[in-house]
Amino acid sequence: MDLNLLRRRSLFSSKSSRSSSRSSGFDAMRFTKSLATFLMALPILIMLTMILRHQPPDRLTGFADARPFSTNVTTPPLLEVDVSQSTDMAKDKLLGGLLASGFDEHSCLSRYESILYRKVSPYQPSAYLVSKLRNYEDLHKRCGPNTQPYNKTVEQLKSGGSVGSTDCKYVVWVCYSGLGNRILTLASVFLYALLTERVLLVDRGKDMADLFCEPFPEKSWFLPPDFPITNKFNSFGPKSPESYGNMLKNNLIKASMESEPSYLYLHLAHDYDDHDKLFFCDDDQALLKKVPWLIVRTDNYFVPSLFLMPSFEHALCMLFPEKETIFHHLGRYLFHPSNHVWGLITRYYKAYLSKADERVGIQVRIFDKGPGPYQYVKNQISACTLGEKLLPEVDIKGSINVTPSENSKVKAVLMTSLVSGYFENVRNMYWEHPTVNGDIIGVYQPSHEEQQQTEKRLHNMKAWAEMYLLSLTDVLVTSAWSTFGYVAQGLGGLKPWILYKSENQTTPNPPCQRAVSMEPCFHAPPFYDCKAKKGIDTGKVVPHVRHCEDISWGLKVVDSHAEL
């Protein structure tokens, strides 16, 4: 045999052996790595399997009396979130672009945690509104308290007299009236600031800083305590010589003036006169535009009248294509409960409302003199909630043998009122008698303060928490004329059933009506045509500004197709 051939075969055999050995080694290494990867992933797979198989919490099986709000300040744990909803919640953490990112989340838990307690809103903010808000935040950062432009205009304000042009102009909201009014008017003044490119600064009053988080990045919205004319705020009123209306009346200000005063007081409260109401005329806005500081005191949600002004109407329609979403968007942008109030809200929600299939809110505010409760109001609540099938009928005679079934619902009824009698009436009805359809009803009332105590810090904290809790319900019943109810419906994006205001302490017939718009009502609007300079019915000028369901002379914004 050829020796060379033998050598070649021997060499080939040796190479094949080495190649086979190397291949086996690689296979072993691959198997070892795969096994290690599988063992590392196994705990994660087991955990995901357990989460996906997790069952919802047990239903409520009984009743609980209302508990008072706890004043213990703790950081509330997050609610358990269904895995299937986590992606949507993450996307809506900024509420469709309403909120700016970058805040310290621990300083204001409610800003980004609200999505864990509230359904995703079906109403999305317009791109123009989102852009306007980001532009405003830049303006506030550039011109807010203790910036160079702010310090410059304050020095001019201290010097008195007229001033020249300024880089930044301001509108100051004066803390006034009850909490519901304060929230609505602050939203109104902020919208005016957006439209006129002014910086909004807020008089902190006695408790504003305890109730709300800062809404704007980096710069505070609160007026610094050393602001030169803060000591005048309490004395401002309809007869103040600094008011725009009085200056017009006395010919102390006009468009042809060479220079303007350093500030003007705008009295837009319920007792304003015809000269004050000229604020809602375009010619007067052209004059006001030149004044560096506007100080506003109001208890009115005056947004509807802004829609009647040609100079603002186009911008407003771009900001809010869905016109009845104004307070819904601005309210969720501006008003984030402080950590203390957020603790009140979340603890109560998890204790009494979170496990229900449906949450029904009933807000009772009576304007009659006397403590109540009144029988005619009890009858009205029952007539509305049962007649509109918001709550089930009960079997008073006990003739129906109904036991809860798989189709039965657990409903949590959240009631708010200054007195406890209305809550006790509804609670006892569902405690003493079974429902005809097998539903289980729990009725709860967080507090009953007996009378409104506007100046008390804890009272206002509880009031703000209750408004917010009502806004988390699925179905809402509110009282006519009540700004407390307006705030809840707007934040929640709800069209409530409105309990009509009674006359002669009798139950109205019908007892309630479904609102066609979730917008609040402007209780004291002007009835004046600025161009024709004569009185008109301002509820019939444009299709999207109509008279309110609960106050016939009031105005509210509705979508054009809505029917009142």
Side-chain angles (χ1 to χ4, degrees), residues 63 65-66 178 180-181 359-397 411-433 435-436 441-453 463 466-467 469-470 473 475-489 494-516 520-521 523 547-554 556 564:
F63 300 89
D65 288 341
N181 294 76
R359 286 158 285 276
V360 179
I362 303 176
Q363 180 257 338
V364 184
R365 178 65 194 276
I366 309 301
F367 294 94
D368 292 339
K369 294 181 179 179
Y374 299 101
Q375 185 60 47
Y376 75 91
V377 178
K378 294 178 183 179
N379 296 340
Q380 183 180 12
I381 294 169
S382 295
C384 177
T385 55
L386 299 180
E388 298 295 340
K389 302 188 185 306
L390 309 181
L391 292 175
E393 299 272 359
V394 295
D395 179 20
I396 296 178
K397 296 180 180 179
K411 291 191 177 186
V413 181
L414 175 71
M415 297 192 68
T416 67
S417 175
L418 289 173
V419 298
S420 61
Y422 306 112
F423 148 74
E424 291 168 355
N425 184 64
V426 177
R427 180 200 59 184
N428 291 343
M429 179 173 68
Y430 287 107
W431 187 9
E432 295 170 2
H433 308 286
T435 59
V436 296
I441 311 297
V443 187
Y444 314 100
Q445 179 174 349
S447 70
H448 47 91
E449 299 284 289
E450 303 306 326
Q451 58 185 353
Q452 189 170 353
Q453 304 169 61
E466 290 186 8
M467 288 182 212
L469 283 167
L470 285 171
T473 58
V475 176
L476 185 60
V477 178
T478 62
S479 295
W481 297 32
S482 175
T483 56
F484 194 108
Y486 295 161
V487 171
Q489 71 194 44
L494 301 167
K495 294 179 182 179
W497 277 262
I498 303 173
L499 297 169
Y500 285 116
K501 191 173 184 295
S502 172
E503 295 183 6
N504 302 320
Q505 296 196 344
T506 57
T507 300
N509 186 20
C512 61
Q513 175 188 344
R514 183 78 183 272
V516 297
C521 180
H523 287 180
H547 289 297
C548 308
E549 303 95 336
D550 54 335
I551 299 181
S552 60
W553 60 86
K556 71 183 300 183
L564 282 176

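When a residue number appears, it is its place in the shown sequence, counting from 1. What you see below is based on every heavy atom in this structure, not just the backbone, and it leaves out hydrogens, waters and symmetry mates.
The two residues Leu386 and Leu391 have their closest heavy-atom pair at CD2-O, 3.5 Å. The heavy-atom pair separating Leu469 from Pro446 by the smallest distance is CD1-CG, 4.5 Å. Taking each heavy atom of Ser417 and Tyr422 in turn, the nearest pair found is OG-CD1, 3.7 Å. Taking both residues in full, the closest heavy atoms of Thr473 and Val475 are given as OG1-O, 3.4 Å, listed atom of the first, atom of the second, then distance. Gln445 and Val419 make their closest contact through NE2-O, 3.1 Å (heavy atoms, listed as atom of the first residue, atom of the second, distance). When all heavy atoms are compared, the tightest approach of Pro511 to Cys384 is CG-N, 3.8 Å.
Under the rule for a side chain to side chain contact (heavy atoms under 4.5 Å, CB included), the partners of Pro496 that lie at least two apart in sequence or sit in another chain are Leu476, Thr478, Gln489, Ile498, Ala515. Every residue two or more places apart in sequence or in another chain that forms a side chain to side chain donor-acceptor pair (under 3.5 Å) with Asn181 is listed here: Thr483. Partners of Ser482 by side chain to side chain contact (heavy atoms under 4.5 Å, CB included), not counting sequence neighbours, listed by chain and number: Gln363, Arg365, Ser479, Phe484. Lys495 pairs by the salt bridge (Lys or Arg N to Asp or Glu O under 4.0 Å) definition with Glu324, not counting sequence neighbours. With sequence neighbours left out, Ser382 forms a side chain to side chain donor-acceptor pair (under 3.5 Å) with no residue at all. Residues passing the side chain to side chain contact (heavy atoms under 4.5 Å, CB included) test with Asp368, sequence neighbours excluded: Ile366, Tyr374, Tyr376, Gln505.
A donor-acceptor pair under 3.5 Å links the side-chain atoms of Thr506 to the main chain of Glu503, judged by distance alone. In terms of modelled atom types and a separation under 3.5 Å, the side chain of Lys411 and the main chain of Leu390 share a donor-acceptor contact.
Remark: Arg514 does not engage Glu388 in a salt bridge, criterion side-chain N to carboxylate O under 4.0 Å.
To the nearest 0.5 Å, the span separating CD1 on Ile396 from NE2 on His433 amounts to 5.5 Å. Once rounded to the nearest 0.5 Å, the distance linking CG of Asn509 with OH of Tyr500 reads 10.5 Å. Once rounded to the nearest 0.5 Å, the distance linking CD of Gln375 with CD of Gln380 reads 12.0 Å.
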Practice item. For Met415 and Tyr444, run side-chain contact (heavy atoms from CB on, under 4.5 Å): C-alpha distance rounded to whole Å, both residues' side-chain angles, the deciding distance at 0.1 Å, then the answer. Key: CA-CA 6 Å; Met415 297 192 68; Tyr444 314 100; over 6 Å; no

Point to revise | side-chain contact (heavy atoms from CB on, under 4.5 Å) evaluation trace for Leu414 with Arg359 | key: CA-CA 7 Å; Leu414 175 71; Arg359 286 158 285 276; over 6 Å; no

Check your understanding: Taking it one step at a time, do Val394 and Tyr430 satisfy side-chain contact (heavy atoms from CB on, under 4.5 Å)?
Key -> CA-CA 7 Å; Val394 295; Tyr430 287 107; 3.5 Å; yes

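Under the 4.5 Å side-chain criterion, counting only non-hydrogen atoms from C-beta, Leu470 is in contact with Thr416. Contact of the Leu418 side chain with the His448 side chain is not registered, since no non-hydrogen atoms from C-beta on lie closer than 4.5 Å. The closest side-chain heavy-atom distance from His547 to Lys556 is not below 4.5 Å. Taking 4.5 Å as the limit, some side-chain heavy atom of Leu499 sits within range of a side-chain heavy atom of Val477. A 4.5 Å side-chain heavy-atom check between Arg427 and Asn425 finds every atom pair outside the cut-off. Between Ser502 and Val377, every side-chain heavy-atom pair lies at or beyond the 4.5 Å cut-off. Put simply, the side chain of Val364 reaches to within 4.5 Å of the side chain of Ile362, judged on heavy atoms.
Side-chain N/O atoms of Ser447 and Glu466 include a donor and acceptor closer than 3.5 Å.
Taking the six-membered ring where tryptophan is involved, the planes of Trp481 and Phe367 are tilted, since the angle between them lies from 30° to 60°.
Between His523 and Tyr486, the distance separating the two ring centers is shorter than 6.0 angstrom.
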